[in-house]
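Note: hydrogens, waters and symmetry copies are ignored here, and every other heavy atom, side chains too, is used.
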Number of protein chains: 2
Amino acid sequence: MSTPATRRSSIGDVARLAGVSVGTVSNVLNRPDRVAESTRERVLEAIRRLAFVPNASARQLRAGTITTVGAIVLDIRNPFFTEVARGIEDRLAAADHTLMLASSDDDREREARYLRLFEEHGVSGLLVVPTGDDLGPLLGLAARGVHTVLLDRPSPTDALSSVAVDDVAGGLQAGEHLLGLGHRSILMLNGPHAIRPCRDRLTGLRRAVERRGLDPDAVVREVPVPTLDAGGAAAAFAPLLEGDRVPTAVFCVNDLVAIGVQREIRRRRPDLIGSIAIVGYDDIEIAAELATPLTSVRQPAHALGYRAAEILLARAAADAPVAEHQVFQPELVVRSSSVPA
Amino acid sequence: MSTPATRRSSIGDVARLAGVSVGTVSNVLNRPDRVAESTRERVLEAIRRLAFVPNASARQLRAGTITTVGAIVLDIRNPFFTEVARGIEDRLAAADHTLMLASSDDDREREARYLRLFEEHGVSGLLVVPTGDDLGPLLGLAARGVHTVLLDRPSPTDALSSVAVDDVAGGLQAGEHLLGLGHRSILMLNGPHAIRPCRDRLTGLRRAVERRGLDPDAVVREVPVPTLDAGGAAAAFAPLLEGDRVPTAVFCVNDLVAIGVQREIRRRRPDLIGSIAIVGYDDIEIAAELATPLTSVRQPAHALGYRAAEILLARAAADAPVAEHQVFQPELVVRSSSVPA
DNA sequence: CCGCCGTCATGAACCGTTTCAGCACGCTTG
DNA sequence: CAAGCGTGCTGAAACGGTTCATGACGGCGG
């Protein structure tokens, strides 16, 4: 209103108004105990009067330190990832750090752009769900001294810490469940194999089949989903409802995909509702509230993020080059969507 | 791997390796056409060899410019807000800007922390869903020259631009729909009145009642929800299922609340499934996929974010002090959850 | 051959902080 | 009274870039 949009006031303005040197103002800000009470009061008053806000760039340039952490997830719209982000944020807040969140959309270029942005800004660490298998860029970052933790991926190297969930085990549980229900033909709606969990969940599923002494190639059919959300899944699943070999059991690589499948069945073949077994993955909050409550493999999303942040903070604090790796175990939650054969 | 975690290389290192001055390196980076081809090649090669990444703090300190925008939403887990964030990001990406996203959890302190963080970092603009009615902090920011756009709130002043949805109209539509179905007693599960949309949606509901010539105080009962998510709603709604005056029509301030209500009915009073009319708000994607598909007031979430970002970019570019205000209209989407009286 | 001009590159000032050596001052101690 | 010490403050260097006035150099027209 009153103040015209003018230059931000600097520590120098404050010093002038308070009649002290800039060094003293800086001390008031950072080590108040070193400044005499009366001086401190005067400086604080000046700060208030000028509505002074320190310039983070200048501070960081000189001091080098920063309390911001960057995270890149595949898709911010997937509740699984927002829950992971929550876990990260909760841990960071406890250490007075802040999170800057970005979503790569599973797009290498977007990922690269954000990686660069974060590196240029000198974040004190990075938590990344990588888009593909090529960890080159991340290894480069790590080599340049940026602490990095892989999210939702096991790390193949000690150059990178990692926090993951055992996806093979998850696929195995889903497979055993469906086989136990009598299914001998299982469709897996899967994402690109460049995404490691997609591969692993399929591997787990096939392993379950093998353990029953069956032939995975005969039992499991894989169909790719263009994008890992409900819309993409619906598009990929629709043609399968037309033919004469309509699937009887579907294992979906995540819950959004499962929701897309359910939607498509309801739209195109309402007669089949309740006769196709569906198992999802993630156990997002609304899985239990769906038209057909979804059987799903639960992942400890919050813990995943929390722990990743913790590892990052520990590494940054110690500046120790020891990588930490943690693997959580998933847990099958059975609801009514997985019907017997 | 090979490189030990050493100091980031600087423009000076590049200059030395390429045998030029730092000014030339800077020119290669920012105005390549002013540098002779051969020199440019040599510098680029040096940059590659050193894996040089410019220091954003230094650049920003001197140049003042920045292409990062901050956004603060109430709850990152609410699909409505992630969709808004998507809209923002899509518009920003087109202008080569990047988004830094934060969630205030409807907590003034968290909001203040992020506001300060963003201001210290000198973001080129801010998009905020404010936690309360006190716009003081935001007006302060605006006065200090930070371009600010209110998200999902009409601005009471020209100091702040704004993009909003007409919540009174939304409440009105929901009310008319329920009244049209014959309901004469409507429960509204509402959030704190400090949140403007909560007030406005209630106002709209009451207005619908008045238009029918009925007494809002007799027809509408308001029950507060502690937190605006499914869990909070379930907790608030549970006791209402115990008494003898079980509600027959519920208007929920958002879809997550509606999901909580549905969940609680299913758990505690499955006999009442299908006999309590429920209307939600936002029309999030899974509203249509729920056990009882949800009637909801749709908001143009993506457009909201997109437009807000657009206004911000325009203001920052022109540095014009003219505030822009835009109000979108909501639209009722009827599904099966809103049963007749 | 001289003067002029355009092309490229240089070097230093500057952005707003933090940090640190050093100074002023007053008090204690021997 | 000299020496020593602790307290509280100052002033300047440094961080890593951008920007701009300046200058070197070669070519060209007269």
Side-chain angles (χ1 to χ4, degrees), chain A residues 6-44 46-47 50-68 116-117 119-124 144-145, chain B residues 6-44 46-47 50-68 116-117 119-124 144-145:
Chain A
T6 165
R7 189 179 56 85
R8 271 166 81 165
S9 48
S10 77
I11 213 177
D13 301 330
V14 174
R16 207 167 312 119
L17 182 58
V20 297
S21 75
V22 295
T24 301
V25 176
S26 176
N27 278 334
V28 169
L29 258 27
N30 303 304
R31 300 109 107 189
D33 48 304
R34 307 232 173 135
V35 180
E37 164 116 27
S38 65
T39 316
R40 202 188 322 142
E41 298 278 287
R42 216 160 7 111
V43 171
L44 289 175
I47 288 177
L50 294 174
F52 165 73
V53 176
N55 181 320
S57 298
R59 175 199 300 256
Q60 194 187 333
L61 176 58
R62 172 62 229 223
T65 62
I66 187 179
T67 59
T68 299
R116 190 177 170 89
L117 181 80
E119 185 177 9
E120 287 185 354
H121 280 268
V123 292
S124 73
R144 269 169 265 138
Chain B
T6 164
R7 190 179 56 84
R8 270 166 80 165
S9 49
S10 77
I11 212 177
D13 301 329
V14 174
R16 206 167 314 120
L17 182 58
V20 298
S21 74
V22 295
T24 301
V25 176
S26 177
N27 278 334
V28 169
L29 258 27
N30 303 304
R31 301 112 106 188
D33 48 304
R34 307 237 173 133
V35 180
E37 164 114 28
S38 65
T39 316
R40 200 187 324 141
E41 297 278 288
R42 219 161 2 113
V43 171
L44 288 175
I47 288 177
L50 293 173
F52 166 72
V53 176
N55 181 322
S57 299
R59 174 201 302 258
Q60 192 186 335
L61 176 58
R62 172 63 229 224
T65 62
I66 187 180
T67 59
T68 300
R116 191 177 169 89
L117 181 80
E119 185 177 9
E120 288 185 354
H121 279 269
V123 292
S124 73
R144 268 170 266 138

Practice item. Please state whether the phosphate of D:dC9, meaning OP1 or OP2, lies under 4.0 angstrom from any side-chain nitrogen or oxygen of A:T24. Key: no
**Study point:** Distance below 4.0 Å between B:R34 side-chain N/O and C:dC8 OP1 or OP2
**Key:** no
Check your understanding: In whole Å, what is the span from the CG atom of A:N27 to the P atom of C:dC20?
Key -> 11 Å
Point to revise | Whole-Å gap separating C1' (C:dC15) and CG (B:L61) | key: 4 Å
In terms of side-chain heavy atoms of [X], which of [options] is nearest?
{"X": "A:T39", "options": "D:dT19, C:dT18, D:dC9", "result": "D:dC9"}
{"X": "B:R59", "options": "D:dG17, D:dA12, C:dT10", "result": "D:dG17"}
{"X": "A:V20", "options": "D:dA14, D:dT10, D:dG17", "result": "D:dT10"}
{"X": "A:A36", "options": "C:dT17, D:dG8, D:dT18", "result": "D:dG8"}
{"X": "A:S26", "options": "D:dC9, C:dT17, C:dT18", "result": "C:dT18"}
{"X": "A:S21", "options": "D:dT10, C:dA12, D:dA14", "result": "D:dT10"}
{"X": "A:F52", "options": "D:dT18, D:dC9, C:dT17", "result": "C:dT17"}

Study note, to complete from the structure: Closest to the 5' end of DNA chain D, once B:N55 and A:D33 are matched to their nearest nucleotides, is A:D33
